[in-house]
Novice: 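Pasting in a structure now, in C-alpha cells, and then I'll have a few things to ask.
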Amino acid sequence: KDQYCSNVALKVNAKLSNAINDSRVWYTSPPNAPQSTRGVTWVHEVPTLVMGISVANGMGFDTVSVISASVCLDPGCMRFAQDVRVCTKTQLIGNEVIADLTTTMLVQFHLHTGVKPERILVYRDGVSEGLFTRVRANEIQSIRHGYRKFAEHRGSGDVFCCPPITFVAVLTHNNVKIVPARKDDGVKSKKGASNVHSGTCVDDTIIDAMSDLNVTTDDMSGLGTGKTQNNLYIYTEPDDKGYDFLLTAHGAGLGTSKPVHYRIILNENAVFKPSTFENATPLTKRQLEMATYEMSFQYSTATKAVRVVPVVFYGSRLSNQVLSYFNYLRREEGSVEGTELNELDESEREFQVVGRDGVPKPRYLFVRRGDSKEDQPPCVRSSLLPNFSPHGIEGKDYGLPFNTHVSA
C-alpha cells in the first residue's frame with residue numbers, strides 16, 4: 001500500500017510541479033535543511049543548466065536519426081523540458097543540430113527560472129569511445145555556439161563568454177560487472193543473483209582508461225589560482241588523475257545489476273567558478289558522483305533509483321517515440337520537409353552513411369513544412385515537437401512549456 005501511494009504521488013507531483021508550487025515527492029537534502037540549500041548536490045548552489053543529449057537510430061539505410069535533448073528546470077532536477085531534431089541517418093550529430101538544441105534548452109531554462117545559467121553540465125548518451133576526439137573538438141564547441149545564439153537573441157550579456165562546461169559521456173553498453181566480494185554482503189535478486197547495493201561507485205584501481213582533461217579552449221597556463229579571467233574565478237589546477245567512474249545507481253530486481261561508465265571528456269567546473277557567487281564549489285569527482293546518484297531518484301515512473309540519470313532517460317524515451325511516429329508525419333500528413341545540412345569536413349567523411357550503391361547519402365534536417373515565422377528564433381522554427389503536442393507556438397511570446405514533458 002505504501003509503495004502504491006508513493007508511486008501515485010511521484011507521478012502527480014512530476015506532472016503538476018512548477019515554479020510556483022515547487023511540489024516534489026522528496027528532496028535530496030535533509031528535511032531540516034534551509035530552502036536555499038534544497039536540491040541536488042552542487043547543482044543547487046548557483047543557477048546550473050543540466051542537459052542530457054540522446055540519439056535513436058532507425059534500422060536500414062533509408063531511415064532517420066532522432067536527436068533529443070532534455071534540461072532540468074529546478075535545483076532538484078525533477079522538472080524537465082525537452083526538444084528534438086530529426087535528420088537522415090548518421091553516426092555524427094551535426095554541429096548546427098547541437099547548437100540549436102542547446103539554444104532551445106537555454107531558452108526553456110531562462111523562461112522557467114528567470115535567470116541565465118552560470119554553469120553547464122552535459123550528459124551525452126549514444127557516443128562510442130572512437131568518437132571522443134570528435135566530440136571534444138566539435139560538440140563542445142557547438143554548445144558554446146548555442147549559448148552565443150541564446151545571448152544574442154536575449155540581447156543582453158557577453159555573447160562571447162560561455163559558462164564553464166562539464167561534458168560527461170554516458171556509456172551504458174559496457175562489459176563491466178560489479179559483484180560483492182562475499183555473497184552475504186550483497187542484495188539478493190528474485191533469480192538468486194547477489195548484486196551490489198544501490199549507489200555502489202567504483203572510481204579507482206579498475207578505472208584504467210582515464211580521459212584527458214581539457215581545461216578550456218584558451219591557454220590558461222601560468223595564470224595561477226585566485227585570479228579571474230572573463231568573470232571566472234580559478235579554484236585550482238586540474239586533477240590529472242581524471243574524473244571517470246562506474247556507478248550502479250539502481251538495485252537490480254532481476255538478474256545481475258550492470259553499472260554505467262561515466263567518462264568525463266571535459267570538466268571546466270573543477271577549475272573555474274562564477275566570480276559573483278561566493279558559495280560556489282568546484283565540481284570534484286566526489287561532487288559529480290553524488291550529483292549523478294541523487295539525480296537517479298528523480299525519474300517520475302519509479303520510486304527507486306534508475307540505472308541512468310533521468311535527464312538522459314527521458315531523452316531516450318522521447319527519441320524512440322518520435323522515431324516510431326515520424327514516418328506518419330512524413331508520409332501521411334506531409335507536415336515535414338528536409339533542409340540540407342552543411343557538408344562534413346574531409347576528416348569526418350568516413351562517418352557519413354553510405355547507401356547500397358556505395359555513394360554517400362546526403363544529409364538533411366527535417367523541419368515543419370511552411371513554418372518559417374521570422375518573429376521566432378531559429379531553434380523554435382526547426383523544432384518538431386509541436387507536431388506531438390496540443391500546445392502551439394503563436395507569435396514571439398511563446399510560453400512554457402512549448403515542448404511537453406514526456407513523463408508517464
Side-chain angles (χ1 to χ4, degrees), residues 28 37 39-53 72 75 77 102 116-124 127 129 132-133 135-137 139-141 143-144 147 161-171 201-205 207-247 260-296 309 311-312:
T28 55
T37 63
V40 171
T41 297
W42 186 79
V43 175
H44 74 271
E45 296 174 350
V46 301
T48 303
L49 182 83
V50 181
M51 182 171 66
I53 301 174
C72 300
C77 297
T102 302
K116 294 185 293 185
E118 300 291 339
R119 304 185 293 201
I120 297 177
L121 172 59
V122 181
Y123 290 93
R124 169 72 158 88
V127 58
E129 294 191 14
F132 280 176
T133 302
V135 167
R136 184 182 294 115
E139 293 191 10
I140 295 174
Q141 192 64 23
I143 292 174
R144 294 191 175 100
Y147 183 88
C161 184
C162 179
I165 297 174
T166 296
F167 196 97
V168 183
V170 182
L171 305 183
C201 183
V202 176
D203 59 7
D204 196 5
T205 307
I207 302 293
D208 54 354
M210 300 295 183
S211 59
D212 295 331
L213 176 65
N214 283 353
V215 182
T216 60
T217 54
D218 299 326
D219 183 12
M220 305 297 291
S221 60
L223 193 58
T225 60
K227 304 293 185 180
T228 58
Q229 177 86 351
N230 293 333
N231 296 323
L232 295 176
Y233 180 89
I234 298 179
Y235 293 111
T236 181
E237 296 298 327
D239 183 3
D240 58 0
K241 295 181 180 179
Y243 295 83
D244 296 358
F245 61 94
L246 291 161
L247 177 63
V260 175
H261 193 177
Y262 292 92
R263 296 290 305 274
I264 286 66
I265 308 299
L266 175 73
N267 191 5
E268 293 178 341
N269 287 293
V271 183
F272 304 115
K273 80 167 183 178
S275 59
T276 55
F277 290 87
E278 295 297 329
N279 63 330
T281 59
L283 184 57
T284 61
K285 181 187 288 188
R286 173 68 175 172
Q287 293 270 66
L288 182 58
E289 291 167 355
M290 287 300 300
T292 303
Y293 179 56
E294 291 174 3
M295 278 189 274
S296 300
V309 284
V311 73
V312 168

Novice: Between Leu247 and Glu289, is any pair of side-chain heavy atoms under 4.5 Å apart?
Specialist: no
Novice: What do the steps show when you test Thr292 against Tyr123 for side chain to side chain donor-acceptor pair (under 3.5 Å), and what is the final call?
Specialist: CA-CA 10 Å; Thr292 303; Tyr123 290 93; 2.8 Å; yes
Novice: Would you compute the distance between atom OG1 of Thr166 and atom CG of Leu266 and round it to the nearest 0.5 angstrom?
Specialist: 6.5 Å
Novice: Going from SG on Cys77 to CE on Met295, what distance comes out if it is rounded to the nearest 0.5 angstrom?
Specialist: 5.0 Å
Novice: With no hydrogens and no angle check, is any side-chain donor or acceptor of Glu294 less than 3.5 Å from a backbone partner on Thr41?
Specialist: yes
Novice: Could you tell me whether a side-chain N or O of Glu268 sits under 3.5 Å from a main-chain N or O of Ile165, the two making a donor and an acceptor?
Specialist: yes
Novice: Say you draw a straight line from CG of Leu288 to OH of Tyr293; how long is it, rounded to the nearest 0.5 Å?
Specialist: 15.5 Å
Novice: Could I get the full list of side chain to side chain donor-acceptor pair (under 3.5 Å) partners for Ser296, not counting sequence neighbours?
Specialist: none
Novice: Where do Leu171 and Arg263 come nearest, in terms of heavy atoms and distance?
Specialist: CD1-CG, 3.5 Å
Novice: Which heavy atom in Pro163 sits nearest to a heavy atom in Glu118, and how many Å separate them?
Specialist: CB-O, 3.3 Å
Novice: So, taking the atom named CD1 in Ile140 and the one named OG1 in Thr102, what distance separates them when rounded to the nearest 0.5 Å?
Specialist: 11.0 Å
Novice: Which atom names give the shortest non-hydrogen contact between Pro282 and Ala270, and what distance separates them?
Specialist: CB-O, 3.7 Å
Novice: Measuring from Phe132:CZ to Arg124:CZ, what's the distance to the nearest 0.5 Å?
Specialist: 9.5 Å
Novice: Testing Ile265, Ile143, Val168, Val311 for side chain to side chain contact (heavy atoms under 4.5 Å, CB included) with Val122, which one passes?
Specialist: Ile143
Novice: Hey, is the main chain of Leu121 close enough, under 3.5 Å, to the side chain of Asn269 for a donor-acceptor pair?
Specialist: no
Novice: Restricting to side chain to side chain donor-acceptor pair (under 3.5 Å), what partner residues turn up for Gln287, sequence neighbours left out?
Specialist: Thr281
Novice: Could you pull out all residues at least two apart from Tyr262 that satisfy side chain to side chain donor-acceptor pair (under 3.5 Å)?
Specialist: none
Novice: Calculate, to the nearest 0.5 Å, the distance between atoms NE2 and CZ belonging to His261 and Phe245 respectively.
Specialist: 9.0 Å
Novice: Which heavy-atom pair separates Lys285 from Asp203 by the least distance, and what is that distance?
Specialist: NZ-O, 3.2 Å
Novice: Heavy atoms only: give me the nearest Tyr147-Lys116 pair and the separation to one decimal.
Specialist: OH-CD, 4.3 Å
Novice: Measure from the side-chain N and O atoms of Asp244 to the backbone N and O of Ile264, and report whether any donor-acceptor pair falls under 3.5 Å.
Specialist: yes
